[in-house]
Amino acid sequence: MAAKRRFQTVKGMRDLLLDEARRFAMVEQIARDAFRLYGFEELRTPLVEDTDLFVRGVGEGSEIVGKQMYTFDDKKGRSLTLRPEGTAPVARAYLQHDMASWPQPVKVFYMGPYFRYERPQAGRYRQFHQIGAEVIGDPGPYSDAELLAMLLRFLSKLLFDDLEVGLNSVGDPECRQRYCQRLREYLEPRRGELGADSQRRLETNPLRILDTKVPEERKLLEGAPRLRDSLGRAAREHFAVVCEQLERLGIAYRVDDRLVRGLDYYTRTVFEISSARLGAQNAILGGGRYDGLIGELGGPAVPGIGFAIGQDRLVELLSGGLTLVVPPVCVIPVGSHCREDALQLAEELRDAEVMAVAELASPRALKAALRKADRGGYDWIVLVGEDERAAGTAVLKSLYSGLQEAIPREGFAAAVKARMEPHE
RNA sequence: GUGGAUGUAGCUCAACCGGUAGAGCGCUUGAUUGUGGUUCAAGUGGUUGGGGGUUCAAGUCCCCUCAUCCACCCCA
């Protein structure tokens with residue numbers, strides 16, 4: 001009955017083709033290089049974790065845990081979850097491998113797919129990709145600044161220089177509690193002016209009201225108490241040092257009082273970079289400090305800070321049309337019985353590090369093969385037919401000049417390489 | 001989870017007021033012997049996303065469903 005239906009990617013997930021796949025790989029390469037420059041090591045964690053890790057790590061009240069997790073039971077009835085974010089698994093690995101016994105702080109980066117069950121839209125997928133890094137074991141503000149410096153160095157390698165860092169401090173849990181109290185007192189009398197979502201958040205998570213998009217609510221918040229006025233002395237000093245160091249490093253940033261993050265574990269420093277070129281889902285990266293997370297997961301009170309870059313969105317900023325990259329050389333047999341010569345020659349070229357494609361499929365007229373090579377965008381073709389085989393040669397032809405030359409099979413690849421040089 | 005838009009060939013899109021589905025691009029082949037680009041010709045292409053209904057007749061109207069896109073929400 002459903003026999004006619006063709007298979008396709010499941011909702012919110014996609015294939016990465018051609019240019020897009022190359023851009024993903026390029027971004028990963030640049031990230032690895034940039035992060036290693038700072039002494040970060042790669043950490044690869046499983047795609048699946050114990051559901052409870054996220055419930056406790058990310059927070060029961062968060063949207064992610066509440067509605068967006070891909071959770072299932074395995075055959076033994078264990079509740080497992082496709083990882084929706086990267087920090088909790090890293091924290092788990094830190095504890096599991098007793099990294100507290102390593103030289104501190106532990107600095108790691110990671111990249112890969114993450115999963116959230118949400119309604120897809122521009123820049124939002126159910127399988128998306130993040131590149132992240134974490135510094136675990138240093139409470140100090142200097143690490144905060146260094147992490148931002150690394151982030152901006154990475155982004156500048158991708159030729160983004162017009163991006164601005166939004167920075168804020170959400171303080172320690174006590175500061176936040178104090179502030180939420182004040183915010184409630186301010187908003188409660190004006191409750192009617194808030195939308196349904198914000199009214200609900202008044203109970204669950206008043207901080208989240210700060211980053212509302214509703215114009216009337218934003219207006220209302222202009223007269224609200226400021227988060228920074230509720231910060232305790234330690235948090236305030238920490239934030240001041242972060243700002244000062246960023247200035248010394250020449251990093252432009254904007255303190256954004258309304259910047260709060262969605263995950264429950266953040267403390268003190270939080271930051272975000274977004275792009276106006278991206279539509280509604282415009283955050284390309286977010287991060288912050290999480291001094292309570294490791295403790296929450298049953299470990300010692302070890303502080304941490306990290307970020308996650310939305311790789312899909314980053315690549316979107318780099319995107320143009322899709323193109324096929326074609327090697328410079330196409331080896332064409334003249335007549336199907338010369339296919340073994342073509343195969344042989346192509347391998348010799350590759351031995352010499354010359355990218356080459358051999359036309360090994362069922363035989364076609366030479367004319368058609370040439371047309372195909374030309375349309376395909378090859379710079380050079382190599383021809384082998386009966387005559388060449390008999391003479392112990394192969395023909396190298398430039399599709400630019402149209403000139404061609406019979407080259408002895410002996411030392412063929414080196415000779416081809418030498419003739420290609422002037423074109424590069 | 002809520003709302004809006006859109007589904008026709010591999011891709012981009014046509015098809016009037018309901019009347020038996022088209023173009024361009026692509027791909028394949030050919031235009032005399034083993035030589036490309038331009039050109040010309042031919043070929044390949046579709047259960048009009050799927051299902052139901054109205055009608056003599058549905059790509060077109062109605063209902064359901066699925067998918068995609070966009071926004072809310074949330075975040076990367």
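Here is the naming used below: chain letters follow the sequence lines, and residue numbers restart at 1 for every chain. Values reported hereafter were calculated over all heavy atoms of this structure, with side chains retained and with hydrogens, waters and symmetry mates removed. Just so it is clear, the model here is predicted, and its values are computed rather than measured.
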TODO: Flag as yes if Tyr114(A) stacks onto the base of A76(B) (centroids under 5.5 Å, planes under 30°), otherwise no.
DONE: no
- [ ] Pick base, sugar-phosphate or nothing for Arg119(A), based on heavy-atom distances below 4.0 Å to the nucleic acid.
- [x] base
TODO: May I ask you to say what Leu399(A) touches in the nucleic acid, namely base, sugar-phosphate or nothing, with a heavy-atom cut-off under 4.0 Å?
DONE: base
- [ ] Looking at every strand, decide which applies to Gln281(A) at a 4.0 Å heavy-atom threshold: base, sugar-phosphate, or nothing.
- [x] base
TODO: Look at the side-chain N and O atoms of Lys397(A) and state whether any lies under 4.0 Å from the OP1 or OP2 oxygen of G36(B).
DONE: no
TODO: Under 4.0 Å between any heavy atoms, over every strand shown, what does Gly123(A) touch: base, sugar-phosphate, or nothing? Just pick one.
DONE: base
Open item on the list: Between U60(B) and U20(B), how far apart are the two C1' atoms, rounded to whole Å?
Closed with: 14 Å
TODO: Counting Watson-Crick and G-U wobble pairs only, both distances under 3.5 Å, name the nucleotide matched with G24(B), or none.
DONE: C11(B)
Task: Sugar-phosphate, base or nothing in reach of Gly402(A), heavy atoms under 4.0 Å - done: base
Open item on the list: Can you check the distance between A14(B) and A9(B), where both ends of the measurement are the C1' atom (answer in whole Å)?
Closed with: 13 Å
Task: Separation between the P atoms of G52(B) and G59(B), rounded to whole Å - done: 14 Å
TODO: Verify the contact: side-chain N or O of Arg124(A) to OP1 or OP2 of C73(B), cut-off strictly under 4.0 Å; return yes or no.
DONE: no
- [ ] Taking atom C1' in both U44(B) and U28(B), compute the distance separating them and give it to the nearest angstrom.
- [x] 7 Å
Open item on the list: Does a side-chain N or O of Gln121(A) approach OP1 or OP2 of A71(B) to a distance below 4.0 Å, or not?
Closed with: yes
TODO: Taking atom C1' in both A31(B) and A15(B), compute the distance separating them and give it to the nearest angstrom.
DONE: 34 Å
Open item on the list: Please classify the nucleic acid contact of Leu383(A) as base, sugar-phosphate, or nothing, using heavy-atom distances under 4.0 Å.
Closed with: base
Open item on the list: Considering every strand and a 4.0 Å limit on heavy-atom distances, what is the contact class for Glu85(A): base, sugar-phosphate, or nothing?
Closed with: nothing
- [ ] Look at all strands and tell whether Glu388(A) reaches a base, only sugar-phosphate, or nothing, counting heavy atoms closer than 4.0 Å.
- [x] base
Open item on the list: Within the 4.0 Å heavy-atom criterion, would you say Gly12(A) contacts the bases, only the backbone, or no part of the nucleic acid?
Closed with: sugar-phosphate
- [ ] State whether the number of non-hydrogen atoms from other residues, nucleotides or ligands found under 6.0 Å of Arg44(A) atom CZ is greater than 12.
- [x] no
TODO: For U68(B) versus G53(B), give the span between their P atoms, rounded off to a whole number of Å.
DONE: 28 Å
- [ ] For C63(B) and C56(B), measure between their C1' atoms and round to the nearest Å.
- [x] 22 Å
Open item on the list: Can you tell me if Arg261(A) touches the phosphate of A76(B), counting only side-chain N or O atoms and a distance under 4.0 Å to OP1 or OP2?
Closed with: yes
Open item on the list: Only pairs with both distances under 3.5 Å count, Watson-Crick or wobble alike; so what is the partner of G3(B) in this structure?
Closed with: C70(B)
TODO: Determine the contact category for Gln404(A): base if any of its heavy atoms lies under 4.0 Å from a base atom, sugar-phosphate if only primed atoms, P, OP1 or OP2 are that close, otherwise nothing.
DONE: base
TODO: Not counting sequence neighbours, which residues clear side-chain contact (heavy atoms from CB on, under 4.5 Å) with Asp52(A)? List them please.
DONE: Asp50(A), Val55(A), Arg56(A)
Open item on the list: Any base atoms under 4.0 Å from Asp387(A), or only sugar-phosphate, or nothing? Heavy atoms, all strands.
Closed with: base
Open item on the list: Considering every strand and a 4.0 Å limit on heavy-atom distances, what is the contact class for Leu285(A): base, sugar-phosphate, or nothing?
Closed with: sugar-phosphate
